[in-house]
Amino acid sequence: MDYATLKLIWWVLIGVLLIGFAVTDGFDMGAAVLLPFVGKTDEERRIVINTVGATWEGNQVWFITAGGAMFAAWPLAYAASFSGFYFAMLLVLFSLFFRPVGFDYRGKRVDVRWRQGWDCGLFIGGFVPALVFGVAFGNLLQGVPFAYDTDLRVTYHGSFFALLNPFALVCGLVSLCMLTAHGAAFLKMKSDGIVAMRASKALRLFAALTIVLFLVAGALVATLISGYTITSPAPLDTVANPLLKSVDSGPGLWLANYGLYPWMALAPAVGVLGGVLAFALAGSRFERLAFLSTALQIVGVILTAGFSMFPFIMPSSLDPRSSLTVWDATSSQMTLEIMLVAVIIFLPIVLGYTAWVYRVMRGKITADAIRDNHHTLY
């Protein structure tokens, strides 16, 4: 297999891993965001927690795997992103600390303040990552202020608070509302009674907000946000060196791929359609279909960002020529080949045991189940 094809395959695979993380761990984070709102009593909050309690650790593996794949396949992008998003990543990491300790420690004491404290921690562990991931994508679409010198040493010239610009916050809200809707659909599917009723209302609200914010972000990308395009490409089979190409930037350039490849327009259409279906099904008894609709919305939104930016991975607003793309940010051909063999062997195994776990853990978490298993459930 030639080097250029391998680069493209790994762009697809990392996209699959990111979508897998958003679809699986996304409903965990969404359920945590909704915890204080759909669970008014301790028993109701225990229902919410136990809907995700059996699978959240396995879901988080997708995040770890995606990070490891980026490190191995796109080392330049991995290094540059840690320079630019270092404090944002630390914020995500510290907020995620609340999840394992929150699940494990919350039920150790029958004390209102103790449990409310850990409920706040679980809320933070869902809210902050869901928001920051969207903020990160918003900054990628605008370009990150980094540059390479002639020795390919990267320098970053931004700050943490510069990441919190208006467009990035809009993208952060898209991510937050999208994952919260997904969490609401999951709670509707996995619970009953008043918790499921409140989850239905939350699903309708956040599915609608996601559609509106997604369209607003799209309008901003089309009119105000500068996109990037390669004007003089480097050879596709060369070693990673971003300085071998020429890049131009300007408003509306992120829409160029939709003119070259009209089929890519399916991505935003799927994102909107998934949200519309989720909104329409929020009050129905078609719980699984509603959950699949929010998953479809996530797939559409992420693919829209990926298709718009292709082949860019991390554009540079400081020096457009330093922008990292699928073609010049990758590891060596041998590294990509070895990793591809590993993926072909292990990915089906991961998908297989994940499907088995969800099959075993199927069914609803009810108030009776909480009472009957008081000492074994969270």
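For the salt bridge (Lys or Arg N to Asp or Glu O under 4.0 Å) condition, the pairs that include at least one residue of residues 116-143, sequence neighbours left out, are R45-D119, R106-D119. A side chain to side chain donor-acceptor pair (under 3.5 Å) check over residues 345-363, counting only residues at least two apart or in different chains, returns the pairs N59-Y358.
The side-chain contact (heavy atoms from CB on, under 4.5 Å) test with T229 is passed by exactly one of L253, N257, V247: L253.
Qualifying salt bridge (charged side-chain N to carboxylate O under 4.0 Å, His left out) partners for K40, counting only residues two or more places apart in sequence or in other chains: none. Residues passing the side-chain hydrogen bond (donor to acceptor under 3.5 Å, both in side chains) test with T304: none are found, sequence neighbours excluded. Here R321 pairs with nothing under the side-chain hydrogen bond (donor to acceptor under 3.5 Å, both in side chains) rule; sequence neighbours left out. Legend: residues meeting ring-ring contact (aromatic ring centres under 6.0 Å, His included) with F37, ordered by chain and number and at least two apart, are absent. A search for ring-ring contact (aromatic ring centres under 6.0 Å, His included) contacts involving F123 returns F127, not counting sequence neighbours. Considering only residues two or more places apart in sequence or on other chains, F186 meets the ring-ring contact (aromatic ring centres under 6.0 Å, His included) condition with F27, F291. Considering only residues two or more places apart in sequence or on other chains, T335 meets the side-chain hydrogen bond (donor to acceptor under 3.5 Å, both in side chains) condition with S332. Applying the side-chain hydrogen bond (donor to acceptor under 3.5 Å, both in side chains) criterion to K364, with sequence neighbours excluded, gives E287.
Between F146 and Y156, a ring centre-to-centre spacing not shorter than 6.0 Å is recorded. Ring centers of Y228 and W254: under 6.0 Å apart, within the cut-off. Aromatic ring centres of F137 and F133: separated by at least 6.0 Å. If you look at F97 and F94, their ring centroids are closer than 6.0 Å.
Donor-acceptor pairing under 3.5 Å is lacking for the side chains of T180 and H182. Side-chain polar atoms of D319 and S316 form no donor-acceptor pair below 3.5 angstrom.
Grouping Ile, Leu, Val, Met, Phe, Trp and Tyr by side-chain contacts under 4.5 Å, direct or through others, puts L296 with V270. If you chain together ILVMFWY residues whose side-chain heavy atoms come under 4.5 Å of each other, L318 ends up in a group of its own.
The environment of OH in Y105 is sparse: at most 12 heavy-atom neighbours from other residues, nucleotides or ligands sit within 6.0 Å. Residue-environment remark: CZ (F71) stays at or below the threshold of 12 foreign heavy atoms within 6.0 Å.
In summary, E57 and R99 do not engage in a salt bridge, as defined by a charged side-chain N under 4.0 Å from a carboxylate O.
Once rounded to the nearest 0.5 Å, the distance linking CG of L163 with CZ of F161 reads 10.0 Å.
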